Amino acid sequence: MRFWIGVTDNEWFDFLARFKPDEVNFWRPSGRGFSSIEIGAPFLFKLHSPLNFIVGGGFFVRSERLPLSLAWEAFGEKNGAGSLTDVATLIQKHRGSRDIDPEIGCIILNQPFFIPRANWIPASADFSRNIVVGKTYDSTETSGARVWEAVKPWLPIFEPAEAGVAVEPRVGEPQRLFGKEYLHRSRLGQGAFRILVTDAYERRCTISGERTLPVLQASHIKPYGKGPNRVDNGLLLRSDLHILFDRGYVTVTPELHVEVSPRIKEEFENGRDYYKHHGHPLAVLPTARDDRPNPAFLQWHNEMVFRG
C-alpha cells in the first residue's frame, strides 16, 4: 500500500491536535493539487525540522482548488486556525500576495488522528531535511514497512457508516478501504460532503443550472443524522432553492423531476420563478451514476418533507 508523509506546519498541527476534529483541510497556499495516493490511503503528518517526527495523519478523500472563502465555509477551524482572518494571514505570508479571496489547494483528510508527544515517531533516515512538501512510501518496502509498523497502533478504526448511529473510533490497524468504497462506507465529515457534492455537480445548481459558486449549497436529501454524508444523499442547490427544499416547498421525485408545492402561492402569493421548474427534469446530474440522487432518499423526502 502506498501512503504519503507530508511536511506539516507545526502551528497547524498544534491547533488541530487540541480539539481533534473528524476531518481536516491540509491546505496549500500555492493552489497546487495532490494525486500521489489513492482515495482512502493514509496521509501522515511530519513536523518541520528540528522536530523531525511523524505525529499523526488522516485518510485522503479529495484534492481541490477552492476559493479561501469556500474552504472556510466548508471546514471552519478544521483549516487549522481560529478564524478566516488568521488563515488569510498565513496564506498571504506564504504567497506574498494580498488577494482578497485566493484559490488554495485543499487536501481533504478524513478521520484524522494525533499521536501523543511521548509517542511521536522519528522520521526515517531517507526522509531528507531538504524535502519541503512530502514523500510517498510503500508499506511493503523496507523503509515504508518500518514506518507503517510504527504508525499502525495509532490508526483509528471506524465501523462502516450507518445513518443516525454514533460510532466511537477504536485503535489498531483499520480495515483498508479505497476509492469509491471508502467514500461510500466511511463516515465522512460535513466539509468533505460539501466539497464532494459541489464537485459531482460541476459547481452548478441541479435545478436551475446556476453557476455562481458563492450562492451554491450542498443540501442533504435526508438530513444529517437520518441520512449519510454521501454524494447520493446530496443535491447542489442555489441557496433559495436549498431553503425551499429543506422546508418542503420543493422536492425531487425518484424519477428526477422537480415538484414545486402549490403552498408557495397560497402562503406567499408569489413563486413564479419557482413554478417554471415544476415538472421539469433536473438541469444537472453527476456524471457518475453512483453519485446521482438515491431514489430511496428522494422517496423519503417526497413522503416525509414535501408539502404537496
Side-chain angles (χ1 to χ4, degrees), residues 64 66-76 83-84 100-101 103 163-164 188-308:
E64 290 283 346
L66 297 173
L68 172 59
S69 57
L70 178 55
W72 181 259
E73 287 175 16
F75 296 99
S83 71
L84 174 58
I100 295 174
D101 194 16
E103 276 208 337
L188 298 177
Q190 292 283 72
F193 170 78
R194 175 168 184 175
I195 301 308
L196 290 170
V197 170
T198 300
D199 182 63
Y201 285 85
E202 299 180 348
R203 303 188 180 193
R204 295 176 61 196
C205 171
T206 186
I207 290 177
S208 69
E210 178 62 56
R211 297 173 181 269
T212 307
L213 189 59
V215 303
L216 301 182
Q217 298 176 351
S219 168
H220 288 87
I221 301 170
K222 291 188 74 172
Y224 182 64
K226 294 183 179 180
N229 272 346
R230 287 196 333 232
V231 176
D232 68 337
N233 187 37
L235 297 168
L236 190 65
L237 296 170
R238 198 175 64 205
S239 57
D240 57 332
L241 290 167
H242 184 183
I243 293 169
L244 293 175
F245 184 84
D246 283 354
R247 296 186 183 182
Y249 291 104
V250 171
T251 195
V252 176
T253 70
E255 295 74 34
L256 304 179
H257 284 76
V258 180
E259 295 285 328
V260 181
S261 171
R263 293 180 61 172
I264 293 180
K265 185 173 182 180
E266 294 168 6
E267 296 178 19
F268 307 110
E269 299 180 355
N270 207 325
R272 181 179 301 173
D273 287 343
Y274 304 117
Y275 288 115
K276 68 183 181 183
H277 299 295
H278 182 74
H280 289 196
L282 293 178
V284 181
L285 280 171
T287 302
R289 290 194 171 274
D290 287 347
D291 289 342
R292 294 183 179 182
N294 188 307
F297 299 154
L298 293 173
Q299 188 65 42
W300 179 90
H301 191 272
N302 289 184
E303 295 175 356
M304 304 301 295
V305 180
F306 184 53
R307 302 169 180 239

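Every value quoted in this text rests on a predicted model; they were computed, and no experiment measured them. The first residue of the sequence shown is numbered 1, and numbering continues consecutively from there.
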Side chain to side chain contact (heavy atoms under 4.5 Å, CB included) partners of D101, counting only residues at least two apart: P67, L68, S69
Report the residues that fulfil ring-ring contact (aromatic ring centres under 6.0 Å, His included) with F297, sequence neighbours left out, ordered by chain and then residue number. none
Show every side chain to side chain donor-acceptor pair (under 3.5 Å) that has at least one partner inside residues 281-290, sequence neighbours left out. none
Kindly write out the residues that satisfy salt bridge (Lys or Arg N to Asp or Glu O under 4.0 Å) with R194, not counting sequence neighbours, or none if the list is empty. E73
Calculate, to the nearest 0.5 Å, the distance between atoms CZ and OG1 belonging to F245 and T206 respectively. 10.0 Å
With sequence neighbours left out, the residues meeting side chain to side chain contact (heavy atoms under 4.5 Å, CB included) with A200 are V231, P286, D291
Short question: side chain of D199, backbone of I195 - any donor-acceptor pair under 3.5 Å? no
Here the gap from H278 atom NE2 to H280 atom NE2, rounded to the nearest 0.5 Å, amounts to 9.0 Å
Could you tell me whether the side chain of V252 reaches within less than 4.5 Å of the side chain of P293, counting heavy atoms only? no
Please tabulate, one pair per line, all N/O donor-acceptor pairs under 3.5 Å involving side-chain atoms of residues 211-222, not counting sequence neighbours.
residue, atom, partner, partner atom, Å
T212, OG1, E210, OE2, 2.5
Q217, OE1, H242, ND1, 2.7
H220, NE2, N229, OD1, 2.6

What's the spacing between L188 CG and L196 CG if we round to 0.5 Å? 6.5 Å
Who passes salt bridge (Lys or Arg N to Asp or Glu O under 4.0 Å) against D246, sequence neighbours left out? none
Of all residues at least two apart in sequence or in a different chain, which pass the side-chain hydrogen bond (donor to acceptor under 3.5 Å, both in side chains) check with D273? none
For the student: nearest non-hydrogen atoms of L241 and Y274, plus distance: CD2-CD2, 3.7 Å
Could you tell me the separation between the CE atom of M304 and the OG1 atom of T251, rounded to the nearest 0.5 Å? 12.5 Å
Under the side chain to side chain contact (heavy atoms under 4.5 Å, CB included) test, residues paired with E255 that sit two or more places apart: T253, H257
I want to check something: taking the side chain as every heavy atom from C-beta on, are Y275 and V260 in contact at a cut-off of under 4.5 Å? yes
Does the side chain of L235 come within less than 4.5 Å of Y201's, by heavy atoms? yes
Solution key, residues 261-268 side-chain donor-acceptor pairs under 3.5 Å, sequence neighbours excluded:
residue, atom, partner, partner atom, Å
S261, OG, R263, N, 3.0
S261, OG, R307, O, 2.4
R263, NE, E267, OE2, 2.9
R263, NH2, E267, OE2, 3.1
E267, OE1, Y249, OH, 2.7

Give every residue pair that meets the salt bridge (charged side-chain N to carboxylate O under 4.0 Å, His left out) criterion with at least one member in residues 231-245, sequence neighbours excluded. R230-D232, R238-D240
Distance in Å, N302 CG paired with E259 CD, rounded so as to fall on 0.5 Å steps: 7.5 Å
Nearest 0.5 Å please: distance from the CG atom of L70 over to the CZ atom of R203. 7.0 Å
Check step by step if side-chain contact (heavy atoms from CB on, under 4.5 Å) holds for I207 and V250. CA-CA 10 Å; I207 290 177; V250 171; 4.0 Å; yes
By side chain to side chain contact (heavy atoms under 4.5 Å, CB included), which residues pair with P223, not counting sequence neighbours? K226, W300
Where do G209 and A283 come nearest, in terms of heavy atoms and distance? N-CB, 4.1 Å
